[in-house]
Amino acid sequence: MKYYAADVVFPIVGPAIKKGVVAMDDQGVVQGVYNPGEIDDQLIETFKGALIPGFVNAHCHIELSHMVGQLPQHTGLPAFLSAVINERGKHEASLEKAMEEADKTMYKNGIQAVGDHVNSAVSAKVKENSPITYHTFVEVMAVNKDDVATRVDNAKEIEFHFDYKHSSITPHAPYSCSKYLFKTLKKAVSEDNIISIHNQESDEENKLFRYKKGEFLDFFKKMNMNVEDFRAQARNSLQSFLPYIPTKNKLILVHNTYTSIKDLDFVDRMGRKVYFCFCPKANLYIENRVPKIDNFMLGGHEIVIGTDSLASNDTLDILEELKVIHQEFPELDFNETIKWATLNGAKALNLEHELGSLEVGKKPGLVLLEGMDTFKLTPNVKVRRIR
């Protein structure tokens, strides 16, 4: 048994404990969380800072790790997507090494679990050998009805290469999926298939659905994609596609940069259990904007945190994402946001029985936030993995 203490311990469930102590066995399983004075000081290893469970990165694309620094910033989403498609194949020789480095970096940065989106099985080996728990989302894209059956079958073949307990098939985004694809997936996946879909990352997505106008039409033309059957919906994309998502499947909506209060009201009226994932550094990289997080908090919505990929970020570091959030919204309470980055993410990925909080019987990892001796997250705080 080993005992670890710090200025503050955030168990996540229950209040933070000043000078708290965490007990872990040799396998890293939590055996107790104690108040000061309950454990003999001679047995305790003490740190300066705050102790938390390992982070959960709810959204990543490890397949794009070889593209760090390759794409220009602030281009807007349609231009960014075009650049990814045009450039990703030019650097494939370095892909395997880049994925291995990204995996090691995330673990070093205190990340215990990752919700990772893929279009191939290329990351399977890295995940199999990693100390990180991955839930792999195999993306499906099809705007033409004739392509749907083939694309769904292909996704099932890719999913076969990953841990069946921690993988699922998901539509990529509203602009890359037809209504027929949404309806087909409803029949093709089981109720325990977690769905994680890119949502309203750009206002161009809403323009497309409301008016069938904007930059996505140029994007489709460049990609030789036929969208003649697409009809303007006279409402935002979220309100257009959400009714076609199976109601019993857990749903993660990623980015939400241009999600409005009316969109959130629509979600609430549908009675859907939704996790809203924010990747602020990627949003700033692509659109130079972050979501209006305070609107999501007003409705008491479940929030999780992701990093997106190294094509749209210079780090895979949940602490850095939290710093951006607190800089943009200084009124936020760290006691709340740390839940987004740990337990909420674990719940979204069906991992809450193992990860996300310092509770007896869990093996959540143990991370030190160096330089944090209060409940305030500052730019100077650094992350260090303890277990």
Side-chain angles (χ1 to χ4, degrees), residues 52-68 95-96 98-139 158-159 161-170 172 194-198 250 252-255 275-282 303-322 338-357 362-367 383 385:
I52 64 169
F55 290 118
V56 177
N57 181 356
H59 183 74
C60 189
H61 295 260
I62 200 171
E63 282 183 347
L64 299 179
S65 298
H66 61 313
M67 297 189 69
V68 60
L95 177 55
E96 186 171 350
M99 288 190 297
E100 290 173 356
E101 287 300 315
D103 174 75
K104 290 176 183 176
T105 298
M106 283 195 284
Y107 188 71
K108 182 181 178 182
N109 289 340
I111 293 172
Q112 203 74 13
V114 177
D116 189 60
H117 282 232
V118 305
N119 303 112
S120 73
V122 69
S123 62
K125 182 180 176 183
V126 171
K127 292 172 181 175
E128 187 177 342
N129 297 325
S130 175
I132 292 173
T133 300
Y134 282 90
H135 185 101
T136 300
F137 295 99
V138 182
E139 294 181 343
I158 294 171
E159 187 187 20
H161 293 271
F162 298 95
D163 182 353
Y164 73 95
K165 293 180 181 177
H166 301 297
S167 62
S168 53
I169 295 173
T170 188
H172 166 255
I194 307 171
I195 293 173
S196 177
I197 183 168
H198 299 79
K250 189 169 285 187
I252 305 170
L253 297 180
V254 183
H255 293 303
Y275 291 89
F276 291 94
C277 181
F278 299 135
C279 309
K281 289 190 67 181
I303 295 171
V304 298
I305 306 296
T307 61
D308 211 349
S309 74
L310 286 173
S312 60
N313 205 334
D314 60 351
T315 61
L316 298 177
D317 189 335
I318 293 296
L319 177 61
E320 293 302 309
E321 304 294 332
L322 287 176
I338 190 59
K339 292 179 186 175
W340 304 350
T342 53
L343 186 57
N344 283 12
K347 288 178 178 178
L349 300 178
N350 284 342
L351 296 171
E352 69 271 26
H353 301 299
E354 309 163 40
L355 309 175
S357 60
K362 288 189 177 185
K363 191 178 177 181
L366 189 65
V367 173
V383 63
R385 179 175 283 278

Determine whether the aromatic ring centres of His59 and His255 lie less than 6.0 Å apart.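 Yes, close enough.
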Which atom of [X] lies closest to which atom of [Y], heavy atoms considered:
{"X": "Ser130", "Y": "Tyr134", "result": "OG-CE1, 3.7 Å"}
{"X": "Cys277", "Y": "Ile252", "result": "CB-CG2, 3.9 Å"}
{"X": "Ser309", "Y": "Leu316", "result": "C-CD2, 4.4 Å"}
{"X": "Ala341", "Y": "Ile318", "result": "CB-CG2, 3.6 Å"}
{"X": "Ala348", "Y": "Lys250", "result": "O-CD, 3.2 Å"}
{"X": "Ser168", "Y": "Phe137", "result": "OG-CD2, 3.3 Å"}

Using side-chain contact (heavy atoms from CB on, under 4.5 Å), reason through Cys60 and Met106 one step at a time and then give a plain yes or no. CA-CA 11 Å; Cys60 189; Met106 283 195 284; 4.3 Å; yes
Any side-chain to backbone donor/acceptor pair from [X] onto [Y]? Under 3.5 Å, distance only.
{"X": "Glu63", "Y": "Ser120", "answer": "yes"}
{"X": "His198", "Y": "His172", "answer": "yes"}
{"X": "Asn313", "Y": "Thr307", "answer": "yes"}
{"X": "Asn344", "Y": "Ile303", "answer": "yes"}
{"X": "Asn109", "Y": "Ile111", "answer": "no"}

Is there a side-chain contact (heavy atoms from CB on, under 4.5 Å) between His117 and Thr170? Walk through the geometry before answering. CA-CA 9 Å; His117 282 232; Thr170 188; 4.1 Å; yes
[X] versus [Y]: any side-chain heavy-atom pair under 4.5 Å?
{"X": "His161", "Y": "Lys125", "result": "no"}
{"X": "Val367", "Y": "Val383", "result": "yes"}
{"X": "Ser123", "Y": "Phe162", "result": "yes"}
{"X": "Asp308", "Y": "His61", "result": "yes"}
{"X": "Ser167", "Y": "Val138", "result": "no"}

Return the [atom1] to [atom2] distance between [X] and [Y], rounded to the nearest 0.5 Å.
{"X": "Leu319", "Y": "Ile338", "atom1": "CG", "atom2": "CD1", "result": "8.0 Å"}
{"X": "Ser357", "Y": "Lys347", "atom1": "OG", "atom2": "NZ", "result": "8.5 Å"}
{"X": "Ile62", "Y": "Ile132", "atom1": "CD1", "atom2": "CD1", "result": "7.0 Å"}
{"X": "His66", "Y": "Glu96", "atom1": "NE2", "atom2": "CD", "result": "12.5 Å"}
{"X": "Ile169", "Y": "Ile158", "atom1": "CD1", "atom2": "CD1", "result": "9.0 Å"}
{"X": "Leu351", "Y": "Leu343", "atom1": "CG", "atom2": "CG", "result": "11.0 Å"}

Single hit among Asp163, Thr133, Asp116, Asp103 for side chain to side chain donor-acceptor pair (under 3.5 Å) with Lys127: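 Option passing the side chain to side chain donor-acceptor pair (under 3.5 Å) with Lys127: Asp116.
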Ion pair check, Asp314 and Lys281, cut-off under 4.0 Å: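 Result for this pair is yes, salt bridge flagged.
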Could you tell me whether the side chains of Ser65 and Glu101 share a donor-acceptor contact shorter than 3.5 Å?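 No pair is found: no donor N or O on one side chain lies under 3.5 Å from an acceptor on the other.
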